[in-house]
Student: 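Sending over a structure as structure tokens; questions will come in a sec.
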Amino acid sequence: MISLARPVDAVFEPTPHADEHWWSAVALLAVLAMLTTAAMLTDNRTLDGQSLWLKPLKFQLSLIIHFATLALIARLLDEATRTGFLMQSLVLISLTAGLFEIVYITIQAAAGAHSHFNQSTAFHQHMYTLMGIMAVLLIVVPAVLGVLIAIQPNIAPALRWSITIGMIAGFAATFVVAGYLGGNGSHFVGVHPPHGATVPLFGWSMVTGDLRPAHFLALHIMQNVPLTGWLLTRWHPNAPVWPVVVVTAMLLASTALIFAQALRGLPLTSWRFF
Amino acid sequence: MIGWATLILLPRGWVWAGWLPRFVVPAVLALSYSILVLVHFFSAEGGFDSIDAVRQLFASDPLMLAGWQHYLAFDLLIGCWLASQMDEANIHRLIQAPILVATFMLGPLGMVIGVGTLLLKRHLLTPMPAR
């Protein structure tokens, strides 16, 4: 197995399917998530009242879901599109962006420092700007993939439109919510006290407005809507498209509601509709 | 640094460049280590039987340098092995890069991440059936 004398390029052949690299990234992120969990269990350092490993863990798990979704969708493309230049570019762009975010977020966490909203030095300011650019690239890629799916032949209508609509709606909603969140200076609206109650695992405030639940909901429209289409298609290959539209509208409405709630400084646990 | 830069950045097709991290750099480091150890190790205080003994051993600058060369050489060899395994598993160079940088800076951490990624990719993800 271990042969140092063998030229390393002897068995290397470029993959015909660029989307395979999304699975490689999933493998890498899964290992990182396991290590991060182990670190979280051993390390009692905290940042803003939470284990400082919680944030990298959430981002690692989220990107696993993100890349796995993209890789599964890529299998629906015809061979020419799937092996084409555009797909290779999409994969490389999203890998660059995703790895950049994860490496920076994980190292900053390990050092006990903030990654987002960190304005402490010129370096951290530039990195925060870069993170914003990379995050936009991360959500643009699925939107482009959604458009590619729309013009593909031979995909069941409910599945096809759930992917196209879900990716574009997820992109738009995330762009608005995360764009506002990024410019807000903090994920809180109002003041979250040092030991205030939070939602388990997610760490969202139960005391004051928190913009992250809306970001979460918006981003995962990219999974929830295509999942709806997939289930519909499993139920019947020619299932109608309207349930997909209804689910998308409902998810967008709840995102808007939770976003508005946070903007008024209200936590998830206290509702006021007017 | 030259060895790692070659391993991480240069095309794998350049077989001659591949000799640098795999043979030349580790060989130079190993030779230099060997001489340092032969000259200084057997007359040094301390040993490997407790943390205090190790600390005492590395109070000697030549032995500290030798120790440094030891892990530079071995980390680079592990990096080369990981790179060749990852090439075989068709793991993109973009994904290899952070794993190799981690191996360079924090050897065993990079190795754990690299071997874990390889295992997962090979056994869970690669045999995806065609649609």
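Convention: sequence-line order gives letters A, B, ...; per-chain numbering from 1.
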Student: Go through it in stages, so that I can follow the logic: the residues are Leu109(B) and Leu35(A), the test is side chain to side chain contact (heavy atoms under 4.5 Å, CB included), and I'd like the CA-CA distance, side-chain angles, deciding distance and then a yes or no.
Tutor: CA-CA 10 Å; Leu109(B) 175 64; Leu35(A) 286 174; 4.1 Å; yes

Student: Can you list the residues of residues 64-72 of chain B that sit under 4.5 Å from chain A, counting heavy atoms only?
Tutor: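 The list, in residue order, is empty: none.
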
Student: For Val103(A) and Pro98(B), work out which heavy atoms get closest and say how close.
Tutor: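 Nearest pair, atom of Val103(A) first, then Pro98(B): CG2-CB, 4.3 Å.
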
Student: Would you give the length of the straight line joining atom CE of Met34(A) to atom CD1 of Ile113(B), rounded to the nearest 0.5 angstrom?
Tutor: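 Between Met34(A) CE and Ile113(B) CD1, I get 11.0 Å after rounding to 0.5 Å.
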
Student: Rounded to the nearest 0.5 Å, what's the gap from CG on Leu94(B) to CG on Leu95(A)? Could you check?
Tutor: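 If we round to the nearest 0.5 Å, Leu94(B):CG and Leu95(A):CG are 6.0 Å apart.
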
Student: In terms of heavy-atom proximity below 4.5 Å to chain A, should Val112(B) be classed as side chain, backbone, both, or neither?
Tutor: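 For Val112(B), heavy atoms of backbone and side chain both lie under 4.5 Å from chain A.
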
Student: Between Leu29(A) and chain B, with a heavy-atom cut-off of 4.5 Å, which part of the residue counts as in contact: side chain, backbone, both or neither?
Tutor: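 When you check distances to chain B, no heavy atom of Leu29(A) falls under 4.5 Å.
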
Student: Measure the spacing between NE2 of His92(B) and CG of Leu99(A) and express it to the nearest 0.5 Å.
Tutor: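 Those atoms lie 11.0 Å apart.
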
Student: If I measure from the heavy atoms of chain B, does Leu32(A) come under 4.5 Å with its side chain, its backbone, both, or neither?
Tutor: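 For Leu32(A), the side chain is the part near chain B, not the backbone.
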
Student: Would you say CZ of Phe175(A) has more than 12 non-hydrogen atoms from neighbouring residues, nucleotides or ligands within 6.0 angstrom?
Tutor: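 Counting other residues, nucleotides and ligands, CZ of Phe175(A) stays at 12 neighbours or fewer.
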
Student: Quick one, His21(A) and Asn90(B) - any side-chain contact, counting heavy atoms below 4.5 Å?
Tutor: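 Yes, their side chains come closer than 4.5 Å.
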
Student: If I take atom CG from residue Leu28(A) and atom CE from residue Met86(B), how far apart are they, to the nearest 0.5 angstrom?
Tutor: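 The distance works out to 9.5 Å.
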
Student: Taking only residues two or more places apart in sequence, or in another chain, which ones meet Arg234(A) in a salt bridge (Lys or Arg N to Asp or Glu O under 4.0 Å)?
Tutor: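 Residues passing salt bridge (Lys or Arg N to Asp or Glu O under 4.0 Å) with Arg234(A): none at all.
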
Student: Are more than 12 heavy atoms, taken from residues, nucleotides or ligands other than Leu41(A), located less than 6.0 Å from that residue's CG atom?
Tutor: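 Count over threshold, so yes.
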
Student: Do you know the tightest heavy-atom contact between Lys121(B) and Ser24(A)?
Tutor: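 Taking every non-hydrogen atom into account, NZ-OG, 2.9 Å.
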
